[in-house]
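As structure tokens, the structure follows; a few thoughts come after it.
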Amino acid sequence: MRWFAETAETIAATTSKLKKIAALSGYFNRIADDDLRAAATFLTGRPFPLHDVRTLNVGWSALGSALKEISGASDEAIHKVYLDRADLGEVAERLLSSGTVSALSPAQVLTRLEGLVGISNVAKKVRQLTELLRALTPMEAKYVIKMITSDLRIGLKEATVEEAIAVAFNQPADAVRRANMALGDIGETAVLARHGHLAHVSLRLFRPLKFMLAAPAGSEQEIFDNFTGPFFVEDKYDGIRGQLHIGPERSALFSRTLDEVSHQFPEIVESARSMESAMILDGEVVAWNDGQVLPFSLLQKRLGRNRPSDSLMMDIPVAFMIFDVLFANGRTLIDCPLDERKRLLDGMAWPAGLYLAPFRLVDKRIPLEPFFAEAEGRRNEGLMVKAADSPYAPGKRGMNWMKWKKALATLDVVVTGVEFGHGRRRGVLSDYTFAVQHEGTLLNIGKAYSGLTDKEILEMTAYFKEHTIRDFGRFRLVEPNVVIEVAFNGLQKSNRHESGYALRFPRIVRIRTDKRVSDIDSLDNVQKIDERKQ
Ligand code: AMP
């Protein structure tokens with residue numbers, strides 16, 4: 001572990017990514033496979049690989065007891081050093097004697113950590129932990145403790161470890177990233193990279209991979225601006241994300257945190273067993289009855305339980321709405337375009353409890369609002385829109401998937417300031433700062449730059465140029481005459497605006513030519529919405 005600790009020190013001491021990669025790749029090249037497997041994982045701040053569900057269950061109290069035992073320091077002394085440094089690893093380095101000779105390798109440390117997993121007796125756990133720490137030098141103990149507490153704090157991202165593996169073993173960085181994503185195991189990835197075996201890596205059943213995420217869209221306009229080609233529109237279900245692995249002998253459901261939650265939803269997992277082909281599906285678990293989604297508040301009663309009672313399962317049945325497939329019949333599908341994955345899903349028969357989430361392909365500009373209303377009618381919370389040609393990007397919140405949630409409420413506000421836009425909107429006044437009223441004054445609450453048509457923006461530009469109070473160049477204070485209705489996705493207290501609130505994803509629903517400034521919403525209304533938290 002001496003080289004490991006020295007490498008960690010070097011990485012912590014530099015902000016240069018290149019230097020970090022050089023130190024890491026040099027280190028990886030010097031060590032044997034077993035150590036490489038353990039060390040690469042340790043360097044991501046974990047004792048075990050990402051896909052591995054084992055936990056050490058070693059907290060501050062066990063570590064504190066072990067350190068006390070070894071160093072003879074008092075509770076107060078440990079506490080004081082801890083307060084001083086706020087990092088248990090650093091505390092250990094300071095307390096432990098420097099007489100120990102480095103003897104354990106990363107692989108041996110891993111074996112000892114694995115030994116801690118099954119121990120439920122606290123005294124026994126502390127004893128073994130103490131033995132492990134005793135066998136380490138202060139600097140080594142520092143990093144082992146940091147790793148045990150899942151916080152290396154040396155300024156090292158997993159992506160940098162991947163790059164270092166690529167450099168060390170002369171492999172394409174992309175191949176390393178893909179293998180790590182598929183395996184959820186950077187240690188194994190490193191060993192495969194060393195032996196030139198990255199090309200054969202495919203997804204594996206019962207090894208969950210990170211979920212693809214969506215970027216928020218504020219309006220129909222934003223969606224059409226974002227997608228250049230056809231996209232799928234589907235309901236955004238209000239449930240919990242799930243990854244269903246179906247194998248020949250068993251099936252399992254994993255949550256967004258990659259924890260196995262099969263026991264919480266036995267009916268889904270059971271139902272999946274009747275499928276003939278091996279598959280990994282992405283979808284949403286929803287409370288479900290009579291072909292209808294039930295409110296999230298009901299699903300909540302099914303969460304966090306070890307195993308639901310029969311009566312709870314009767315009262316609140318669940319279903320799995322499938323919207324993607326990542327692996328089927330031995331084929332990894334994440335690089336195939338979404339329309340191919342959808343076609344595959346569409347061609348399959350599903351047992352009760354597993355349903356294909358309906359989707360629609362949009363290949364020209366059509367109003368999306370009606371879909372929104374339909375989704376709402378089905379008690380879903382909005383729409384998901386996904387580029388038809390997009391691969392599945394695990395763990396990424398990119399622009400290939402967008403989520404468009406329902407507005408919580410709308411506010412009528414008055415425009416107080418306007419600004420020239422960007423890109424296509426460079427020459428027009430398209431960004432509007434707006435205010436609510438409070439005891440005879442106007443208080444700004446937000447800024448929106450989407451929702452109006454090009455024609456409306458042109459008209460507004462001409463109007464605001466005529467009604468400018470003060471011209472600051474890019475920004476103009478304008479006469480507060482124009483009332484707009486804005487939708488938003490949330491409300492939060494903020495010092496950014498005079499009103500003391502800020503809106504999340506505000507967008508203009510329409511210009512309210514039928515309203516005057518005296519008709520706009522007041523700060524009191526905003527406070528009410530905040531209290532309702534709707
Ligand atoms: P949010 O939680 O607001 O970031 O929205 C993203 C979440 O919406 C995902 O993680 C899923 O749990 C959920 N979701 C519901 N319906 C879909 C769908 N059709 N496609 C993808 N995600 C969905």
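Whatever order the structure lists them in is the order used to number ligands and atoms, beginning at 1. Reckoned from all heavy atoms, side chains included, excluding hydrogens, waters and symmetry mates.
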Do [X] and [Y] have side chains that approach each other closer than 4.5 Å (heavy atoms only, starting at C-beta)?
| X | Y | value |
| --- | --- | --- |
| R256 | I240 | no |
| L50 | I186 | no |
| Q171 | I165 | no |

Would you please determine whether [X] falls within less than 4.0 Å of ligand 1 on a heavy-atom basis?
| X | result |
| --- | --- |
| D235 | yes |
| K386 | yes |
| R256 | yes |

Report, in ascending order of atom number, the atoms of ligand 1 lying under 4.0 Å from any heavy atom of [X].
| X | value |
| --- | --- |
| W401 | 21 (C) |
| E234 | 18 (C), 19 (N), 20 (N) |
| F323 | 17 (C), 18 (C), 19 (N), 20 (N), 21 (C), 22 (N), 23 (C) |

query: ring-ring contact (aromatic ring centres under 6.0 Å, His included) between F224 and F231: does it pass, once the steps are laid out?
result: CA-CA 10 Å; F224 282 104; F231 55 84; 5.6 Å; yes
message: When you compare the side chains of E260 and S262, does any donor N or O come within less than 3.5 Å of an acceptor on the partner?
response: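 Present: a donor and an acceptor within the cut-off.
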message: Under a 3.5 Å threshold, yes or no: a donor from one side chain and an acceptor from the other, between Q292 and R379?
response: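 There is such a pair between these side chains.
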- prompt: Which residue from K236, M212, K403 reaches closest to atom 7 (C) of ligand 1 through any of its heavy atoms?
  reply: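 Nearest heavy atom to atom 7 (C) of ligand 1 lies in K236.
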- request: Could you give me the CA-CA distance, side-chain angles and deciding distance for E485 and T410, then say whether side chain to side chain donor-acceptor pair (under 3.5 Å) is met?
  value: CA-CA 6 Å; E485 185 182 346; T410 61; 2.8 Å; yes
How close does the nearest protein non-hydrogen atom get to [atom], and which residue and atom is it?
| atom | answer |
| --- | --- |
| atom 16 (N) of ligand 1 | Y237 N, 2.9 Å |
| atom 9 (C) of ligand 1 | R241 NH1, 3.5 Å |
| atom 11 (C) of ligand 1 | E284 OE1, 3.0 Å |

